Amino acid sequence: MIAAVIPAAGQGQRMGNLPVPSKQLMSLDGVPALIRTIRVFNELPEIEAIVLVAPENLCEQFRALVQDYRCEKVRWIVPGGKERQESVYLGLQALPPDCEVAVIHDGGRPLVSAEVVRACLEQARQSEAASAAVPVKDTIKVSRDGKVVDQTLDRSTLWQIQTPQAFSYSVIRGLHEQAQKDGIDVTDDAALAEAYGYTVSLTPGSYENIKLTTAEDLVLAEAILRRRQPYAATRSGIGYDVHQLVEGRALVLGGVNVPHSHGLLGHSDADVALHALMDSILGAAGLGDIGRHFPDTDETYRGASSLRLLQQVITLVGTKGFRVGNVDVTIVAQRPKLAPYIGQMQTNIAAACQVSSQNINVKATTTEGLGFAGRGEGIAAYATCLLVQSH
């Protein structure tokens, strides 16, 4: 068996304030960064199984994400340790004894290519230890106090080590076990092999195989993805929905509780704006409508938050290779006045769609007293969206 171990238990503290509980969950061109990492190994025929090492408090969330994106080769999800070395060791322990080669790759390197992984695997079969690497571009100087230069290193001999790193499974597991006893702490698995006298072979890495460490890395990663596929396919969709206004119901529009004497009647929270939006997104992706995915005959969705349903729609569309480009929603209501709530609606929708608020437009209009909306009998909504193919 050839298996991959993907340590993804880091919290990403150097990223700054994150909108998600882990940097691995950051959206990268509409797809979680972790999923981009896993997909490379999930789609490689050489890889038979994947161990995902997750933060202890996020194991179930990672499991749901893997299922949503159909990464079927992920057989084990194990809680990680405090440091990367401990997390890798816990991942290795999950593999069966008949594993021959283990390739270890950081969950925070989502742009690795299949070619880089294959080169590392092929070398590991010959030399028991291999690591992807690229020549250092910049001149490197040594400074012990951070104030003056003590030494300039010969750049021609310097290499920037990356992952993947591949090893004979019995060798790397044994090294981790010994390191636990000896108290040896290193920053990568190649260094562990070196510490015990093994020769580590270098294989071609890629300057695009960046590690997501700071917020600037996300910007660079997005640029790389755009360059890889500059002419992404787009699809458009339109949605329409209407609900009756009744007494005794809360009025929820765009995920905002709007004060009013009447609310919309429906099986869920009856958020007509989000229902129209979901239909437009599903239609653009060729996935039917909300009635197919969230039928009113299913008690699971009674009183459900439409914002949560919208999040599920975005995940579903992501599995089809698309992300939201922009949306435009029009709410048709004679009353109440909605202008004070439009900003929060746009914020809610942007968060659920994993895009900037600048990509979301919500507006409200009346019918000048005409029709069911003009008489205050109901509220309608129209929505259009543009889906962009994810890279």
Side-chain angles (χ1 to χ4, degrees), residues 12 15-33 35-36 65 212 214-223 225-226 232 234-241 251-259 269 271-285 290 305-318 322-333 336-365 379-391:
M15 276 279 182
N17 294 324
L18 294 176
V20 289
S22 167
K23 71 175 182 180
Q24 321 294 345
L25 300 176
M26 290 290 292
S27 176
L28 192 55
D29 198 18
V31 178
I35 293 301
R36 289 193 177 277
L65 193 66
L212 302 182
T214 66
E216 292 79 9
D217 295 326
L218 287 171
V219 177
L220 179 57
E222 294 272 6
L225 287 171
R226 285 194 296 272
T234 60
R235 292 186 180 185
S236 62
I238 185 170
Y240 172 77
D241 197 28
L251 178 58
V252 183
L253 292 170
V256 178
N257 284 295
V258 179
D269 62 7
D271 189 330
V272 68
L274 295 190
H275 290 188
L277 174 58
M278 285 187 278
D279 269 351
S280 71
I281 294 171
L282 290 168
I290 58 175
S305 164
S306 293
L307 269 177
R308 292 189 179 276
L309 300 184
L310 176 57
Q311 291 170 349
Q312 293 182 42
V313 167
I314 295 303
T315 297
L316 178 62
V317 168
F322 287 93
R323 61 181 176 85
V324 169
N326 73 290
V327 302
D328 185 26
V329 179
T330 300
I331 303 171
V332 183
K337 295 295 184 182
L338 298 178
Y341 310 101
I342 294 295
Q344 186 59 51
M345 292 181 195
Q346 293 181 162
T347 299
N348 292 345
I349 294 171
C353 292
Q354 302 177 13
V355 297
S356 167
S357 295
Q358 297 177 349
N359 297 56
I360 307 298
N361 188 64
V362 178
K363 53 191 183 292
T365 188
I379 294 178
Y382 298 86
T384 61
C385 83
L386 182 71
L387 295 184
V388 180
Q389 188 175 38
S390 299
H391 302 308

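Since we're looking at a predicted model, the values are computed, not measured.
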Look at the side chain of N359 and the backbone N and O of G325, then say whether any donor-acceptor pair between them is shorter than 3.5 Å.
yes
Validation row: T365, I331 side chains within 4.5 angstrom (heavy atoms)
no
For Q312, give me all partners under side chain to side chain donor-acceptor pair (under 3.5 Å), at least two apart in sequence or on another chain.
none
Hits for side-chain contact (heavy atoms from CB on, under 4.5 Å) against Q346, two or more places apart or cross-chain, chain-then-number order -> I342, I360, N361, V362
Could you go through Q354 and V324, starting from their C-alpha distance and side-chain angles, then the distance that decides it, and tell me whether this counts as side-chain contact (heavy atoms from CB on, under 4.5 Å)?
CA-CA 8 Å; Q354 302 177 13; V324 169; over 6 Å; no
For the residue pair L253 and M345, establish whether any side-chain heavy-atom pair is separated by less than 4.5 Å.
yes
Using the side-chain contact (heavy atoms from CB on, under 4.5 Å) criterion, which residues pair with S306? Sequence neighbours excluded.
S268, D269, D271, L274, H275, M278
Please give me the minimum heavy-atom distance between A284 and G237, naming the atom from each residue.
CB-N, 3.6 Å
For E222 and S27 the tightest heavy-atom approach is OE2-O, 4.0 Å
According to side-chain contact (heavy atoms from CB on, under 4.5 Å), who are the partners of A383, at least two apart in sequence or on a separate chain?
A276, L277, S280, V329
For D279, side chain to side chain donor-acceptor pair (under 3.5 Å) partners two or more places apart
none
Taking side-chain contact (heavy atoms from CB on, under 4.5 Å) as the definition, give me every residue that meets it alongside A221, ordered by chain and number, with sequence neighbours left out.
L28, L111, I210, L212
Does a side-chain heavy-atom distance below 4.5 Å link C353 with L310?
yes
Distance in Å, F322 CZ paired with L386 CG, rounded so as to fall on 0.5 Å steps
10.0 Å
Within the 4.5 Å heavy-atom criterion, are S236 and T384 side-chain neighbours or not?
no
Rounded at 0.5 Å granularity, tell me how far CD1 in I238 sits from CD1 in I281.
13.5 Å
Check whether any side-chain heavy atom of V317 sits under 4.5 Å from a side-chain heavy atom of L387, and report yes or no.
yes
Salt bridge (charged side-chain N to carboxylate O under 4.0 Å, His left out) involving K363 - partner list, sequence neighbours excluded
D328
Taking only residues two or more places apart in sequence, or in another chain, which ones meet Y341 in a ring-ring contact (aromatic ring centres under 6.0 Å, His included)?
none
Go through the structure and list residues passing side chain to side chain donor-acceptor pair (under 3.5 Å) with Q358, not counting sequence neighbours.
none
Checking the side chain of N348 only, and the main-chain atoms of G254 only, is there a donor and an acceptor separated by less than 3.5 Å?
yes
Between the side chains of E216 and T214, does any donor sit under 3.5 Å from an acceptor?
yes
In Å, rounded to the nearest 0.5 Å, how long is the span from CG of L25 to CD1 of I35?
9.0 Å
